[in-house]
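See structure below.
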Amino acid sequence: MTIIDGKALSEKILREIEQEHSELEKKVGRKAGLAVIIVGDNPASQIYVRNKIKACERVGFHSETIRLDENITEENLLSEIKKLNNNNNVDGILVQLPLPEHIDELNIINAISAEKDVDGFHTTNIGKMMIGDKSGFLPCTPAGVIQMFEEYNIDLKGKDVLVIGQSNIVGKPMTLLLMRKHATVQTCNSKTKNLSEKLQRADVVIAAAGYPKLVKTTDVKEGVVVIDVGINRVDGKLCGDVDFEEVSKKASFITPVPGGVGPMTIAMLIKNTFKSYNQKMNK
Ligand SMILES: Nc1nc2c(c(=O)[nH]1)N[C@@H](CN(C=O)c1ccc(C(=O)N[C@@H](CCC(=O)O)C(=O)O)cc1)CN2
C-alpha cells in the first residue's frame with residue numbers, strides 16, 4: 001500500500017514555480033499577484049486563506065487579502081471585484097467559499113474576469129474545461145487529484161471510478177476530468193441507492209461527500225485506489241470521508257487527511273495564478 005503524499009508533491013510543484021517565477025520576474029519587472037477576498041469569519045475559511053497567502057509568500061508572489069464584513073451587500077462585494085479586475089498587478093482573484101446566504105454565489109463568481117478566475121469556477125472556464133480548451137483554468141481540487149494520479153502513474157483508462165459527491169467545486173468537475181482520462185465514472189449523491197454495492201465494484205473511489213468516515217473497509221475491494229477529499233472536524237480533530245486506519249489495509253493507494261488533497265488544492269491555485277501571469281506576459 002502506498003500513501004499518496006500530497007504535501008510532498010505540492011512542495012515539489014511550488015519549488016518548480018518559485019524557480020520559473022524568479023527568472024520571469026527579472027525579465028518582466030513585476031511579481032505574479034493573487035488577491036483573495038474573504039467575507040465573514042468562518043474559522044475553516046480563515047485557515048484556508050492563510051494557507052493560500054503562505055503559499056504565495058513561499059513562491060515569491062505578491063498577494064493581498066481583502067477581508068470584508070459578514071453583512072456586506074452584494075453590490076459592495078461586486079465593486080471590490082471590479083477594482084481587482086482593473087488592477088494590473090493582480091493576475092488571479094478568488095472569493096473564498098462559502099459566502100453568506102444573502103449573497104448570490106454565481107453572480108459573484110461570474111463578476112470575476114474569466115482571465116483572472118484562478119479558482120476555475122467562472123462559467124467561461126467551466127465551459128472551456130468541458131470542451132478541453134486548454135486556455136482556461138481548471139478547478140483546483142479536481143486538478144490536484146488528477147496531478148496525483150499522474151505523479152503516481154495510476155492509469156485511469158477503462159477503470160471504474162466512483163465519485164461520491166456532486167458539488168460544483170469538486171464532484172462535478174472531477175467527473176469531467178476523469179472522463180477526459182477515459183475512466184468509466186459514476187457520480188453519487190445523497191439520494192444514491194446501494195452505495196455500498198457500488199463501492200465494492202469500484203477500482204477507484206473519490207470521496208467528497210463531507211461525511212466523516214463514510215467509506216469503510218467492508219465497502220471497498222482489495223487493491224482499490226482511494227482519494228479522500230473530505231475535510232471534517234470531529235472533536236477538534238481533522239478527518240476525511242474515509243476510515244483511513246481500516247481502508248488503508250485493503251487499498252493499493254490512499255490519500256491521508258491532512259496532507260493529501262488539501263495541499264494539492266493550494267498548489268494548483270498557485271499554478272493557475274502563474275499561468276494567468278504567463279498568459280498576460282504573452283499578450
Ligand atoms: N474559493 C474557493 N473556496 C473554497 C475552495 C476553493 O477551491 N476555492 N475549496 C474548499 C476549501 N479549500 C480551498 O479554499 C481548501 C481546503 C483545505 C485545504 C488544506 O490545505 N487542507 C489541509 C488541512 C488544513 C486544516 O488544518 O484545516 C490538509 O488537508 O492537509 C486547502 C484549501 C472550500 N472553499
Side-chain angles (χ1 to χ4, degrees), residues 3-11 13-14 34-56 58 63 65-68 77 80-81 84 92-100 103 105-112 114 116-122 125-126 129 137-148 165 167-174 177 206-210 212 226-242 244 254-273 276:
I3 296 178
I4 300 179
D5 190 342
K7 186 116 188 61
L9 179 53
S10 74
E11 186 49 41
I13 294 164
L14 295 181
L34 175 69
V36 180
I37 299 180
I38 175 162
V39 180
D41 50 14
N42 178 315
S45 292
Q46 303 279 352
I47 296 173
Y48 306 145
V49 167
R50 205 179 315 132
N51 288 350
K52 289 173 186 186
I53 301 303
K54 260 203 233 157
C56 283
R58 161 77 184 78
S63 67
T65 312
I66 295 102
R67 295 181 186 280
L68 302 170
L77 179 51
E80 290 292 336
I81 292 171
L84 295 170
I93 303 168
L94 75 88
V95 177
Q96 188 62 33
L97 302 178
L99 284 168
I103 293 176
E105 203 169 278
L106 192 57
N107 223 6
I108 296 302
I109 288 167
N110 280 334
I112 298 170
K116 294 190 180 189
D117 164 44
V118 286
D119 255 337
F121 296 160
H122 191 288
N125 285 316
I126 297 293
M129 172 178 61
F137 299 106
L138 296 177
C140 301
T141 302
V145 173
I146 295 292
Q147 190 98 42
M148 285 172 148
S167 68
N168 287 340
I169 296 185
V170 183
K172 284 183 202 161
M174 189 74 253
L177 296 184
I206 300 180
V226 181
I227 307 291
D228 192 350
V229 185
I231 300 182
N232 309 293
R233 285 178 167 79
V234 179
D235 300 328
K237 246 190 101 189
L238 270 188
C239 74
D241 289 354
V242 176
F244 183 89
I254 189 165
T255 62
V257 176
V261 176
M264 288 302 291
T265 297
I266 307 242
M268 293 302 107
L269 173 69
I270 297 297
K271 195 172 172 185
N272 278 349
T273 306
S276 173

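All values reported here derive from a predicted model rather than from experimental measurement. The chain is numbered in sequence order, starting from 1. Each ligand, and each atom within it, is numbered from 1 in the order the structure gives.
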[atom]: the protein heavy-atom neighbour that sits closest, reported with distance to 0.1 Å:
atom: atom 8 (N) of ligand 1; result: Asp119 OD1, 3.0 Å
atom: atom 9 (N) of ligand 1; result: Ile169 CG2, 4.2 Å
atom: atom 4 (C) of ligand 1; result: Gln96 NE2, 3.5 Å
atom: atom 19 (C) of ligand 1; result: Gly262 CA, 3.5 Å
atom: atom 11 (C) of ligand 1; result: Tyr48 CD1, 3.5 Å

inquiry  = Can you tell me how far apart CD1 (Ile93) and CD1 (Ile66) are? Round to the nearest 0.5 Å.
reply    = 8.5 Å

task = May I have all residue pairs that pass side chain to side chain donor-acceptor pair (under 3.5 Å) and include part of residues 36-46, sequence neighbours excluded?
result = Gln46-Arg67

Heteroatom proximity flag, Thr141 to ligand 1, N/O under 3.5 Å = no

task = Report yes or no: does Cys140 have a heavy atom closer than 4.0 Å to ligand 1?
result = no

message = In this structure, does ligand 1 have an atom that sits under 4.0 Å from one of the heavy atoms of Lys52?
response = yes

pair [X]-[Y]: side-chain heavy atoms closer than 4.5 Å:
X: Leu138; Y: Pro173; value: no
X: Leu97; Y: Phe121; value: yes
X: Lys52; Y: Thr65; value: no
X: Val95; Y: Ile112; value: yes
X: Lys54; Y: Ile266; value: no

note = ligand 1 to Gly259, heavy atom cutoff 4.0 Å, flagged ligand atoms 28 (C), 29 (O), 30 (O)

Element-labelled atoms of ligand 1 that are located less than 4.0 Å from some non-hydrogen atom of Ile266 = 31 (C)

inquiry  = Judged on heavy-atom distance to atom 33 (C) of ligand 1, which of Leu238, Leu97, Val261 sits nearest?
reply    = Leu97

message = Heavy atom to atom 25 (C) of ligand 1, shortest distance: which of Arg233, Arg50, Gln46 holds it?
response = Arg233

ask   = Judged by atom type as modelled, is there a donor-acceptor pair below 3.5 Å linking the side chain of Asn125 to the main-chain atoms of Phe137?
value = yes

message = Can a donor-acceptor pair be found, under 3.5 Å and without considering hydrogens, that links the side chain of Thr255 to the backbone of Asp228?
response = yes

request  = Indicate, as side chain, backbone, both or neither, the part of Val257 found under 4.0 angstrom from ligand 1 when only non-hydrogen atoms are considered.
outcome  = neither

query = For ligand 1, which part of Pro139 has a heavy atom less than 4.0 Å away: the side chain, the backbone, both, or neither?
reply = neither

Scan the side chains in residues 230-239 for donor-acceptor partners under 3.5 Å anywhere in the protein, sequence neighbours excluded, and list what turns up.
{"from": "Asn232", "atom 1": "ND2", "to": "Cys239", "atom 2": "O", "distance (Å)": "3.3"}
{"from": "Asn232", "atom 1": "ND2", "to": "Gly240", "atom 2": "O", "distance (Å)": "3.0"}
{"from": "Asn232", "atom 1": "ND2", "to": "Asp241", "atom 2": "OD1", "distance (Å)": "3.0"}

query = Heavy atoms of the protein only: does one fall short of 4.0 Å from atom 2 (C) of ligand 1?
reply = yes

